[in-house]
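Written below as structure tokens is the structure these notes are about.
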Amino acid sequence: MSTLRTPLAALTRGFDRVTGTSLGRYQTAVIRIGLSFTWLCFLLREWPDRHELYGPDGPWSWDMARRLIADNHSFTVLMWSDSTFWFECVYAGALVSSALLMLGWRTRTMSVLSMIGVLSLQNRSVFLGDGGDNVIHLMALYTVLTRCGLVWSLDARRARRRGQDPAAGPDVTGIVLWALCGLALIAAQLFGGTGLSWTTDGPLPGLGWATALWGLWLVQGVWWAVCRYAPGEPRTVLDAFAQLAHNAALLVIMVEVCLIYATAGWYKIQGSRWQDGTALYYPLHLDYFSPWPELSHALAGNGLMVLLLSYGTVAVQVAFPFTLLNRRVKNVLLALMMAEHLGIAVTLGLPFFSLAMIVADAVFLPTGFLRRVGELTGRARDRVLPARRKTLPPQREDETASRTLVG
């Protein structure tokens with residue numbers, strides 16, 4: 001009997017932890033801020049060419065996109081109309097939602113709206129993306145299930161202020177926003193046409209996008225009603241489900257990052273150019289990937305450097321998933337991978353791909369390091385904007401000091 005007691009106690013502690021605490025709050029906040037910033041910068045950079053990339057003037061016409069989507073059943077609201085006005089509305093909505101998500105304003109709603117913007121634009125012209133776009137595409141889906149606004153967000157600041165004011169009334173802004181989202185869903189259901197099935201062609205088998213979006217909308221309404229009128233046991237139960245969904249999504253994000261590096265590394269091993277250490281020589285001579293030709297040619301002219309970088313890239317990517325068993329080694333390889341992506345951004349001219357990968361890597365950064373970065377950033381902000389100092393209570397730390405995989 002005693003042999004079963006220890007595993008059972010460990011299982012109970014683990015269950016209490018994943019249902020009672022939102023793990024990796026700082027890491028998910030970095031994911032929210034970093035990916036929203038990356039997507040926002042990309043949309044702003046492509047603003048002059050938006051019509052050619054995703055709009056009605058592109059070589060991949062609306063009719064061609066409609067036929068492809070009819071075959072692969074991907075989701076994009078741009079297929080609801082081929083008018084320029086509708087395209088401008090969607091593009092502007094993607095800009096605004098990503099900016100508000102980055103700031104952490106109404107993160108539950110903005111994460112859904114930002115996801116819709118990402119899927120709509122990327123699925124409209126599927127041949128324009130690269131690996132960074134794929135990362136943003138996946139993380140936009142996962143972020144919807146995380147509680148990424150618990151720290152470093154306007155939502156967290158508003159929650160602390162409302163907690164300081166016992167006479168705070170109902171959240172009128174949240175109620176109005178929820179009602180507007182409901183009206184938008186009704187209009188989309190009536191006039192949107194394709195892409196809003198109830199049982200097919202959704203994010204999961206047997207789950208259509210109409211079911212997913214209406215489900216998220218109803219859950220938000222139930223959450224508000226329970227917090228307002230039943231703050232006891234019903235609130236505790238909903239909190240447990242929210243913590244479980246958050247922690248499950250965080251685990252999926254970490255597994256996704258490991259799969260990205262593991263598959264990239266093992267595929268490289270099979271290539272003859274990576275085996276003889278000359279793989280990096282060839283892209284450095286491509287004009288398309290040479291924003292600084294002198295730097296690229298100087299690097300490519302050093303055979304030893306090309307050899308070390310080629311073998312080092314493969315070694316780091318293959319080894320990273322295994323280093324999660326050792327925290328110190330993991331942090332060293334994490335720094336090496338981030339440095340590698342910075343090098344890719346400079347030498348190959350792929351800033352958005354590199355930034356997306358660096359943000360994805362940040363899910364493994366230690367919590368203590370992120371807290372120190374947040375404190376230093378806050379001090380710098382207070383020095384630049386002393387008038388913004390507020391006498392708010394310190395943010396409550398729900399995470400215990402015990403170690404986790406994310407630090």
Side-chain angles (χ1 to χ4, degrees), residues 21-37 40 93 95-115 143-182 184 216-232 234-236 238-243 245-246 249-250 367 370-371 373-382 384-399:
T21 305
S22 295
L23 302 174
R25 298 183 303 160
Y26 291 90
Q27 287 79 4
T28 51
V30 171
I31 293 289
R32 185 199 83 234
I33 296 170
L35 291 179
S36 299
F37 175 76
L40 177 63
L95 279 168
V96 173
S97 61
S98 59
L100 293 178
L101 181 61
M102 180 181 65
L103 297 174
W105 187 81
R106 310 290 170 175
T107 51
R108 291 191 181 96
T109 301
M110 291 305 136
S111 64
V112 177
L113 295 180
S114 180
M115 175 197 69
T143 305
V144 172
L145 298 177
T146 64
R147 308 182 76 180
C148 55
L150 293 177
V151 296
W152 296 344
S153 67
L154 296 178
D155 286 350
R157 186 177 69 170
R158 185 179 65 255
R160 295 200 301 274
R161 286 178 172 174
R162 290 178 67 86
Q164 197 180 27
D165 183 8
D171 183 10
V172 178
T173 304
I175 296 173
V176 172
L177 184 61
W178 180 79
L180 291 176
C181 289
L216 291 171
W217 183 80
L218 289 174
V219 166
Q220 183 65 16
V222 171
W223 181 277
W224 177 87
V226 168
C227 293
R228 183 70 178 170
Y229 300 108
R235 168 64 186 273
T236 303
L238 286 184
D239 247 338
F241 279 110
Q243 315 274 28
H246 167 92
L250 178 62
T367 301
L370 293 177
R371 286 178 181 171
V373 171
E375 292 172 359
L376 292 175
T377 304
R379 292 172 187 171
R381 179 200 61 195
D382 291 340
V384 175
L385 302 172
R388 292 180 60 84
R389 295 178 182 174
K390 302 293 182 182
T391 58
L392 292 176
Q395 185 164 305
R396 182 171 58 90
E397 297 293 343
D398 290 332
E399 296 185 18

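These figures come from a predicted structure and were not determined experimentally.
Residues that satisfy the salt bridge (charged side-chain N to carboxylate O under 4.0 Å, His left out) test with Arg32, not counting sequence neighbours, are absent from this structure. Gln243 pairs by the side-chain hydrogen bond (donor to acceptor under 3.5 Å, both in side chains) definition with Ser22, Arg147, not counting sequence neighbours. Residues forming a side-chain contact (heavy atoms from CB on, under 4.5 Å) with Val384 (at least two apart in sequence, or on another chain): none. Remark: Asp155 pairs with Arg158 by the salt bridge (charged side-chain N to carboxylate O under 4.0 Å, His left out) rule, at least two apart or across chains. Residues passing the side-chain contact (heavy atoms from CB on, under 4.5 Å) test with Ser97 are Met110, Leu113, Ser114, sequence neighbours excluded. With sequence neighbours excluded, the residues forming a side-chain contact (heavy atoms from CB on, under 4.5 Å) with Val222 are Val226, Leu238, listed by chain and number. The ring pair (Phe, Tyr, Trp, His ring centres under 6.0 Å) test applied to Trp217 returns Trp178, Trp214, not counting sequence neighbours. With sequence neighbours excluded, the residues that form a side-chain contact (heavy atoms from CB on, under 4.5 Å) with Phe241 are Val237.
Put simply, the side chain of Val30 reaches to within 4.5 Å of the side chain of Leu370, judged on heavy atoms.
Minimum heavy-atom separation, Leu150 to Ala156: O-CB, 3.4 Å. Summarising the geometry of Cys227 relative to Arg235, their closest heavy-atom pair is SG-NH1, 3.3 Å, with the distance given to 0.1 Å. Of all non-hydrogen atoms in Gly374 and Trp152, the two that sit nearest each other are CA-CZ2, 3.7 Å.
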Next item on the list: Run the numbers on Arg106 and Leu100 for side-chain contact (heavy atoms from CB on, under 4.5 Å), then give the verdict.
Entry: CA-CA 8 Å; Arg106 310 290 170 175; Leu100 293 178; over 6 Å; no
Next item on the list: Assess whether side-chain contact (heavy atoms from CB on, under 4.5 Å) is satisfied between Thr173 and Val176, documenting all intermediate values.
Entry: CA-CA 5 Å; Thr173 304; Val176 172; 5.9 Å; no
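A distance of 8.5 Å separates CG of Leu177 from CD of Gln220, quoted to the nearest 0.5 Å. In this structure, the separation between CG on Leu216 and CZ on Arg108 is 11.5 Å, given to the nearest 0.5 Å. In this structure, NE2 on His246 lies 4.5 Å from OG1 on Thr28, to the nearest 0.5 angstrom. Distance CZ/Arg157 to CG/Leu103: 10.0 Å, rounded to 0.5 Å. For the atom pair CD (Glu375) and CZ (Arg379), the distance works out to 5.5 Å, reported to the nearest 0.5 Å. Atom OG1 of Thr143 and atom CG of Leu250 lie 10.5 Å apart (nearest 0.5 Å).
Ser36 contributes no side-chain N or O that, together with a main-chain N or O of Ile33, makes up a donor-acceptor pair within less than 3.5 Å.
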